[in-house]
Structure formats: structure tokens, C-alpha cells
Student: 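Sharing a structure, written as C-alpha cells. Questions coming.
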There are 2 protein chains.
Amino acid sequence: MTVDNTRLDAMVERLRCQGHRISPQRLEILRELAGSPDHPSAEALHRRLLARFPAMSLATVYKTIAALKQCGEILELQFSDRDNRYDAIRPTPHPHCICLECGAVTDPPAPDMERFVASLVASSGYAISSHRLDFFGLCPRCRKKRGI
Amino acid sequence: MTVDNTRLDAMVERLRCQGHRISPQRLEILRELAGSPDHPSAEALHRRLLARFPAMSLATVYKTIAALKQCGEILELQFSDRDNRYDAIRPTPHPHCICLECGAVTDPPAPDMERFVASLVASSGYAISSHRLDFFGLCPRCRKKRGI
DNA sequence: CTTACTGCAAAAGCTTTGCATCCGT
DNA sequence: ACGGATGCAAAGCTTTTGCAGTAAG
């Protein structure tokens with residue numbers, strides 16, 4: 001796993017500023033997040049961490065995610081029919097592609113999103129503070145598998 | 001409530017085609033959906049229907065929603081931290097504005113969305129079949145209340 | 001030392017499912 | 001009459017919470 005230490009340090013620093021403490025478990029969760037560009041679920045994170053931290057509780061993962069949310073250091077993609085997915089590498093809103101077959105979540109190249117968001121912010125009458133842009137379909141691998 | 005009878009008839013017809021039956025309860029749920037542009041939750045629908053159908057079960061509402069989903073006649077906006085919301089008036093994907101204070105969900109004017117979606121579909125490598133565009137913030141009313 | 005964090009288990013909350021009965025078609 | 005729909009209650013699942021013990025700062 002390739003951990004982005006700059007990002008890891010930023011998360012640690014931000015948590016500390018907000019009065020959170022950094023336990024060994026928490027540090028390991030942050031490290032895992034900093035090295036996971038695949039938008040893992042809480043359960044997936046927990047599974048990966050168990051190898052290095054056999055006693056880690058799933059509740060601890062959720063509590064650390066809650067702390068990161070409170071600091072604005074993680075982006076939560078909510079789903080009601082499957083696990084939520086998390087992106088702590090790019091915690092500000094950006095588009096995602098979600099594969100309906102394998103569940104992969106990826107960051108697509110974002111073509112002139114700025115202008116699109118800006119125009120909507122201007123025309124909606126809302127004071128927009130964040131957004132969510134999800135595109136559902138088949139990822140390249142699953143397309144190939146199906147010959148589409 | 002202003003029911004769009006054209007839309008209501010279309011839903012009934014589509015359900016029938018797919019082998020579903022139209023009970024009095026179901027017809028009333030469809031009528032309520034056709035007259036609800038506010039993207040109600042299942043529970044909100046149920047609450048409104050109880051006035052006219054005191055014995056209506058929440059499970060029946062969910063089962064009718066499931067039938068509509070299967071027919072592509074309803075758009076489900078999933079949330080993991082609150083009730084899902086439903087739009088049976090415009091069942092194809094379109095942008096939404098969601099108020100973080102009062103929970104209102106509205107359809108904003110959609111400025112050159114076509115081009116944005118098209119460019120992403122082209123650049124992502126995915127075979128995109130649907131999308132979800134949510135904008136979170138304060139609705140005009142809640143802005144006013146707060147003086148923002 | 002003070003107060004947050006951990007891990008476990010229980011609770012919460014929305015949605016789905018099983019089942020006996022009822023009713024469209 | 002057949003097969004789907006209803007209503008009730010129970011089950012399912014993910015996420016949150018309570019608590020006693022532990023440890024970070």
C-alpha cells in the first residue's frame with residue numbers, strides 16, 4: 001500500500017487541533033485511509049486493519065470516521081442499500097463513478113464541473129454548501145467481462 | 001392536491017403491463033405520488049394516506065415503491081442518515097437541491113446538464129446508465145429565517 | 001490527572017421479509 | 001381459481017450509543 005504521508009500528517013494535525021487524541025488504533029485507521037484510493041466501506045477498512053490489529057473493533061472505525069467527518073477531513077458517500085463508502089484522500093465533493101456490478105467506486109476525470117456547479121448554485125436560490133455527483137454504470141473491467 | 005392524471009394513468013398502465021395488480025390501496029398510493037412534487041419519504045406518504053385509508057400499512061407503501069422501481073417508474077434518492085425520498089413525477093435522473101435545515105428536496109432549473117453528463121459519460125470509461133446529482137445547502141426559506 | 005478512546009454488546013432506525021388471509025383479474 | 005396484494009409482526013443490516021476499563025496528553 002502506498003500511503004500519502006503528507007495527507008496522513010494533515011489528518012493527524014487536524015484531529016489534534018479539534019481536541020481529538022491519536023491512539024495507535026486511530027493512527028492505523030488514518031494510515032489505511034490515506035492509502036486507500038478505492039473508497040472503502042467501514043467494514044472493508046476494518047477487515048484490512050484486522051491483519052495488523054487483531055483486536056480492532058468496528059465501532060472504533062466508525063468513531064474515527066465520525067471524528068474525521070466533524071473535521072471535514074473525509075467525504076462520506078451514503079447509500080441506503082449498501083455500506084457507505086469513504087474518501088479521506090480527497091475530502092471535498094467531487095464526481096464518482098460507481099459500478100453496478102462489482103461495486104467499484106472511482107474518481108473520473110472531471111470535465112468542466114466548476115462551471116456546471118457554479119451555474120446551478122446561481123440558479124437554484126439555495127445557499128449551496130456541498131454537492132454529490134454520482135454516475136452509475138459498468139466499470140471498464142465489468143464491461144469487458146460482459147463484452148459490452 | 002393537484003394530481004397529474006396523465007402521469008397516474010401511465011403508472012397504472014406500466015404496473016399492469018408488468019403483471020402487477022391495482023388494488024384500491026395501491027391506486028391511492030399512486031395518486032398520492034402523482035400529486036406530490038415534494039419528493040416525500042415512504043413514511044411521509046404513509047402518513048398522508050392514513051387520512052383516506054386508515055388501515056394502510058407502511059409495508060404496503062414500500063411494496064408498491066418496489067414495484068414502481070422494478071418498472072422504472074419512480075426515482076429513489078437514497079440517504080443512509082435519513083429516510084429515502086421518492087419522485088414518481090419525474091422518474092428519470094435529474095439534479096436535486098436538498099435543504100440541510102428543513103429537509104426540503106426540490107428540482108432546480110437544470111442548466112446545461114446535458115453537456116456535463118455527456119462529457120463525463122465520454123471520459124469515464126464506464127458504460128453509464130444513470131446518475132445522481134445532489135446539491136446540499138439552505139433553501140430560500142431557511143436562508144431568510146437565518147438572515148443569510 | 002483529566003478526559004478522550006477502545007472494545008463489547010445492546011440499541012436504533014429504516015427497509016425487507018414471512019405468513020395467513022384477502023382480493024384482482 | 002390462481003397468483004399477486006395486504007397487514008401485521010419479525011427479521012435484517014448498517015450505524016450509533018452506553019459503559020467500564022484503559023491510555024493519551
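Quick caveat, the model's predicted, so the values are computed rather than measured. Reminder, nothing fancy here: chain letters follow the sequence lines and each chain counts from 1.
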Student: To the nearest Å, give me how far apart CZ (Arg85(B)) and C1' (dC14(C)) are.
Tutor: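 Between C1' of dC14(C) and CZ of Arg85(B): 14 Å.
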Student: What pairs with Arg47(B) under side chain to side chain donor-acceptor pair (under 3.5 Å), at least two apart in sequence or on another chain?
Tutor: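 Side chain to side chain donor-acceptor pair (under 3.5 Å) list for Arg47(B), sorted by chain: Glu43(B).
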Student: Whole-Å distance between dT17(D) C1' and Asp81(B) CG?
Tutor: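 To the nearest whole Å, that distance equals 16 Å.
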Student: Could you tell me how the ring of Phe79(A) sits relative to the ring of Phe136(A): parallel (under 30°), tilted (30 to 60°) or perpendicular (over 60°)?
Tutor: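 Phe79(A) vs Phe136(A) ring planes: perpendicular.
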Student: May I ask you to decide whether Arg85(A) forms a salt bridge with Asp134(A), counting only side-chain N to carboxylate O separations under 4.0 Å?
Tutor: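 Looking at Arg85(A) and Asp134(A), the cut-off is not met.
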Student: When the nearest nucleotide of DNA chain D is assigned to Asp83(A) and to Ile29(B) on a heavy-atom basis, which residue is associated with the more 5' position?
Tutor: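 Upstream on the strand: Ile29(B).
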Student: For a quick test of reading the model: is some side-chain N or O of Ser57(A) closer than 4.0 Å to OP1 or OP2 of dC8(C)?
Tutor: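 Result: no.
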Student: May I ask you to verify if any side-chain N or O of Gln25(B) is less than 4.0 angstrom from the OP1 or OP2 atom of dG7(D)?
Tutor: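 For Gln25(B), the contact criterion (side-chain N or O under 4.0 Å from OP1 or OP2 of dG7(D)) is met.
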Student: Between dT25(C), dT16(C), dT6(C), which nucleotide gets closest to the side-chain atoms of Arg26(A)?
Tutor: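 Nearest to the side chain of Arg26(A) among the choices is dT6(C).
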Student: Can you tell me how far P of dT14(D) sits from OH of Tyr86(A), to the nearest Å?
Tutor: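 From Tyr86(A) OH to dT14(D) P: 12 Å.
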Student: If the cut-off is 4.0 Å, is Asn84(B) near the phosphate of dC14(C), judged by side-chain N/O to OP1 or OP2?
Tutor: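 No, no such contact exists.
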Student: Without decimals, in angstroms, what is the distance between Leu58(B) CG and dA9(D) P?
Tutor: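 Result: 13 Å.
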Student: Of the nucleotides dC8(C), dT17(C), dT6(D), which has the atom closest to the Ala59(B) side chain?
Tutor: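 Of all the options, the side chain of Ala59(B) is nearest to dT17(C).
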Student: What nucleic acid atoms does Arg82(A) come within less than 4.0 Å of, heavy atoms only: base, sugar-phosphate, or nothing?
Tutor: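 Contact class for Arg82(A): none.
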Student: With sugar-phosphate meaning primed atoms plus P, OP1 and OP2, does Ala55(A) contact a base, only sugar-phosphate, or nothing at under 4.0 Å between heavy atoms?
Tutor: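 Sugar-phosphate only.
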Student: When you check the gap from the basic side-chain N to the acidic O, do Arg7(B) and Glu73(B) get nearer than 4.0 Å?
Tutor: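 Looking at Arg7(B) and Glu73(B), the cut-off is met.
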Student: To the nearest Å, give me how far apart CZ (Phe79(B)) and P (dT15(C)) are.
Tutor: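 So the CZ-P distance, Phe79(B) to dT15(C), works out to 11 Å.
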Student: I'd like to know if Glu101(B) pairs up with Arg146(B) as an ion pair, taking the criterion as any Lys NZ or Arg NE/NH1/NH2 lying under 4.0 Å from an Asp or Glu carboxylate oxygen.
Tutor: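 Yes, Glu101(B) and Arg146(B) are salt-bridged.
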Student: Does Pro54(A) reach a base, just sugar-phosphate, or nothing at all? Heavy atoms under 4.0 Å.
Tutor: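 Touches nothing.
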Student: Would you say the side chain of Arg21(A) and the base of dT3(C) hold a donor-acceptor pair, judged only by whether the two atoms sit under 3.5 Å apart?
Tutor: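 In this structure, the two groups form a donor-acceptor pair.
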Student: Take the protein atom CG of Leu15(B) and the nucleotide atom P of dT25(C), then report the distance between them rounded to whole Å.
Tutor: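 Value for this atom pair: 11 Å.
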Student: If I take atom NE2 in residue His20(A) and atom P in nucleotide dT6(C), what distance separates them, rounded to the nearest angstrom?
Tutor: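 Spelled out: NE2 on His20(A) to P on dT6(C) is 11 Å.
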Student: I need the CD-P distance between Gln70(B) and dG4(D), as an integer number of Å.
Tutor: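 Roughly 12 Å, once rounded to whole Å.
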Student: Report the nucleotide, chosen from dT6(D), dT14(D), dT16(C), that has the shortest atom-to-atom distance to any side-chain atom of Tyr62(A).
Tutor: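 My answer, after comparing the listed nucleotides, is dT14(D).
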Student: Would you call Glu28(B) and Arg31(B) a salt bridge, using N to O less than 4.0 angstrom?
Tutor: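 Between Arg31(B) and Glu28(B) there is a salt bridge, with a charged N closer than 4.0 Å to a carboxylate O.
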Student: By nearest heavy atom, map Ser23(B) and Ile22(A) onto DNA chain C; which one lands nearer the 5' end?
Tutor: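 Final value for this comparison: Ile22(A).
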Student: Considering only heavy atoms and no angle criterion, is a donor-acceptor pair shorter than 3.5 Å present between the side chain of Lys63(A) and the base of dG7(C)?
Tutor: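 Such a pair is found, so the answer is yes.
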